[in-house]
Amino acid sequence: MRSKRYLWPFALATAAVAVAVAGLGSCAGPGGSADIGSVARERGLTDADVLAAVKTYQPTGRFDEYIMFSSGGHSGQVLVIGIPSMRLLKVIAAFTPEPWQGFGYGAEEHKELLASARMAGHDLAWGDTHHPALSETDGDYDGGFLFINDKANPRIGVIDLRDFETKQIVTNPNMGTNHGGAFVTPNTEYVIEAAQYSIPLWTDYADTDRYEQDYRGLVTLWKFDRASGRLDESASFSMELPPYWHDLSDAGKGPSAGWAFLNSFNAEMATGGVEDGNPPFESGASANDMDYMHIINWERAAEIAAQRGKTRTRNGQRIIPMSVAVEEGILFLVPEPKSPHGADVTPDGRFIVVSGKLDPHVTIYSWEKIQQAINNRDFAETDPYGIPILDFASVIDGQLEVGLGPLHTQFDNAGCAYTSIFLETKVTKWCLEPLAVADDIGVHYNVGHLATAEGDTKSPDGKYLVAMNKWSLDRFNPVGPLLPQNFQLIDISGDEMQLLYDMPIGVGEPHYAQIIKADKLEPFKVYPQVGYAPHTMAASPNAVLGGQESVQRRGNQVTVNMTAIRSHFTPEYIRVREGDRVRINITSIEQAHDATHGFGIAKYNINLSLEPGESQTVEFVADTPGVFPFYCTEFCSALHLEMMGYLLVEPRS
Ligand code: K7E
Ligand code: CUA
């Protein structure tokens, strides 16, 4: 009874909102009230609630105006969400095996990818994704590719937005973890990745009593080759940095193009050890009033990295040593208050906004003043590693009090900015010229990053802002002690911000997201040809076309060439002997939009997802005798349950 009473008003509200959007006024819904006013009254909705519903509701079949790519946090995945509806459209398998997409469940193509993503001799079945970055052309998202970092294991994933699949994972052999990635330069020349917690760089092992001597920070510029859609490891390079803990990066644009900004904390170089009576990391690393933003001339660094004798190679990576960076005038520091988190370049590239977690202000640095100071060699001092430090007061444009615990800043199309205020759990809107606070809005609870529509481009759209919240407390039905992180969609098109929608995230802590105009994306409807290999985005050498199906045995190697089409596999029997090595080349010969087949084999931990035209290969040793049904794991047709076959593994004895 209770659930029924709960459901009726919900269904009515949905119907009423649909009516409102269609502009029809009223119609008879099932049972009870049928006009917006009385449904709103029954459900206890305010006018603002109804307005928010009308602004976000998407009737069936209507597409969203924007697509948000969000990190999936320690799920190791990427979330794809429509805006303004906040409908979850996809979870892209990035660093973590994912069975729906068949990612990491037997396909040789994925085995290769995941093998390339191993670190320290370990297969890694998770990642901690923080910062997605859409590829850019001339400072605008171009909808081609998405890059995503793994903080836990310093890696960068490359996702091709033609099929929303992960194509490449590069590992960084000289980092302990990464946080200042992924951020792209304005034409995606490079993808920036900066380490977070420092480890020894030029030696494999050193205890932390050698922290200042042997531990180092690092920033890597991964060269992106758009033609192949891959990061080119041999054309990439790194720069040695002091062992501060590096935080977030952003690439300059417009007048600051060619430069990158990277903030840091623990400039104290604290080494913790609370168990030995030392101050814990949390206080040791925040003892000073100032940490450092790093100012890096990446364009010039790329030229220097190409010169003989200017780099040292470590674990196959070309690294510009700090001494060379200083000598060449491509690395500078500027103080930033206090335990900073977030460095964001304004759309026009003239300012860099930094927030200190323990300082209630945003600090706005002027690129013009920074440039002047660098050109005039106007340095206040050097850090212990000889890096010139610019004078704080002479390069800032201003500071503005925005609230307690400011973190990240995003921009709109009207010269205003939005800063997340973690401790006060709100978003502060402020404008640059003149510098003043304009509005604020409470969010629930403890907001981290923000994302505005097209927010990291040279021309943000404004319109929508998403607050990415860490805690949800009383916002949703309780689901045990582990509660969902959540997103709140906020309308920023007017002078006052309006909260539109709460979306719980049930898979991991999303940190950052980017929001792109949906019409910039042009994903495949079906793969361009039958027998296509998504991992190379080319015809598969293992393609099996209709009529080419076969089973071949050579010694104990059995090769099955299989096709899938509604609603059968050909062949339907795989007969092998215990201990045989079995290789199945399987092609979906479908060309119908959305006609996906799966291929799962019971008890062998194998599951593929075969989109129309896709070819994949699985290879395994039939080490367990018995009878194993295999079947299509997507309900593809009325006779989908019949889309199966048998793997018969005959015992040796
Ligand atoms: Cu969570 Cu950008 Cu990794 Cu801030 S980060 S919240
Ligand atoms: Cu194919 Cu179910």
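In listed order, ligands and their atoms are each counted from 1. From a predicted model like this one, the values you see are computed outputs, not experimental measurements.
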- Query: Of the backbone atoms (N, CA, C, O) and the side-chain heavy atoms from C-beta on, which set of M468 has a member under 4.0 Å from an atom of ligand 1: side chain, backbone, both, or neither?
  - Reply: neither
- Metal site angle (apex atom 1 (Cu) of ligand 2), ND1 from H597 and SG from C632, 10 degrees: 120°
- Query: Which residue and non-hydrogen atom of the protein lie closest to atom 6 (S) of ligand 1, and at what distance in Å?
  - Reply: K470 NZ, 3.3 Å
- Message: My understanding is that only one of F147, F183, W222, W298 makes a ring-ring contact (aromatic ring centres under 6.0 Å, His included) with Y190; could you say which?
- Response: W298
- Quick one: sort the F599 and F569 rings into parallel, tilted or perpendicular, breaks at 30° and 60°. perpendicular
- Message: Quick one: does any side-chain atom of Q410 pair with a main-chain N or O of D344 as donor and acceptor, under 3.5 Å?
- Response: no
- Element-labelled atoms of ligand 1 that are located less than 4.0 Å from some non-hydrogen atom of H179: 2 (Cu), 3 (Cu), 5 (S)
- Item | At atom 2 (Cu) of ligand 1: angle between H449 atom NE2 and H131 atom NE2, to 10 degrees | 100°
- Query: Which atoms from ligand 1 have a heavy atom of L248 less than 4.0 Å away?
  - Reply: 2 (Cu)
- Query: Is it true that H131 and H179 have ring centroids separated by less than 6.0 Å?
  - Reply: yes
- With a 4.0 Å cut-off, would you call R155 and D150 a salt bridge? yes
- Is M643 close enough to atom 1 (Cu) of ligand 2 to have an N, O or S atom under 2.8 Å? yes
- Message: Suppose I only count heavy atoms of H341 and a 4.0 Å limit; which atoms of ligand 1 are within that range?
- Response: 4 (Cu), 5 (S), 6 (S)
- Message: Parallel, tilted or perpendicular, judged at 30° and 60°: which one describes the rings of F265 and W245?
- Response: perpendicular
- Message: Between K426 and D440, does any NZ, NE, NH1 or NH2 come within less than 4.0 Å of an OD or OE carboxylate oxygen?
- Response: yes
- Query: Please state which protein non-hydrogen atom is closest to atom 1 (Cu) of ligand 1 and give its distance, to 0.1 Å?
  - Reply: H511 ND1, 2.1 Å
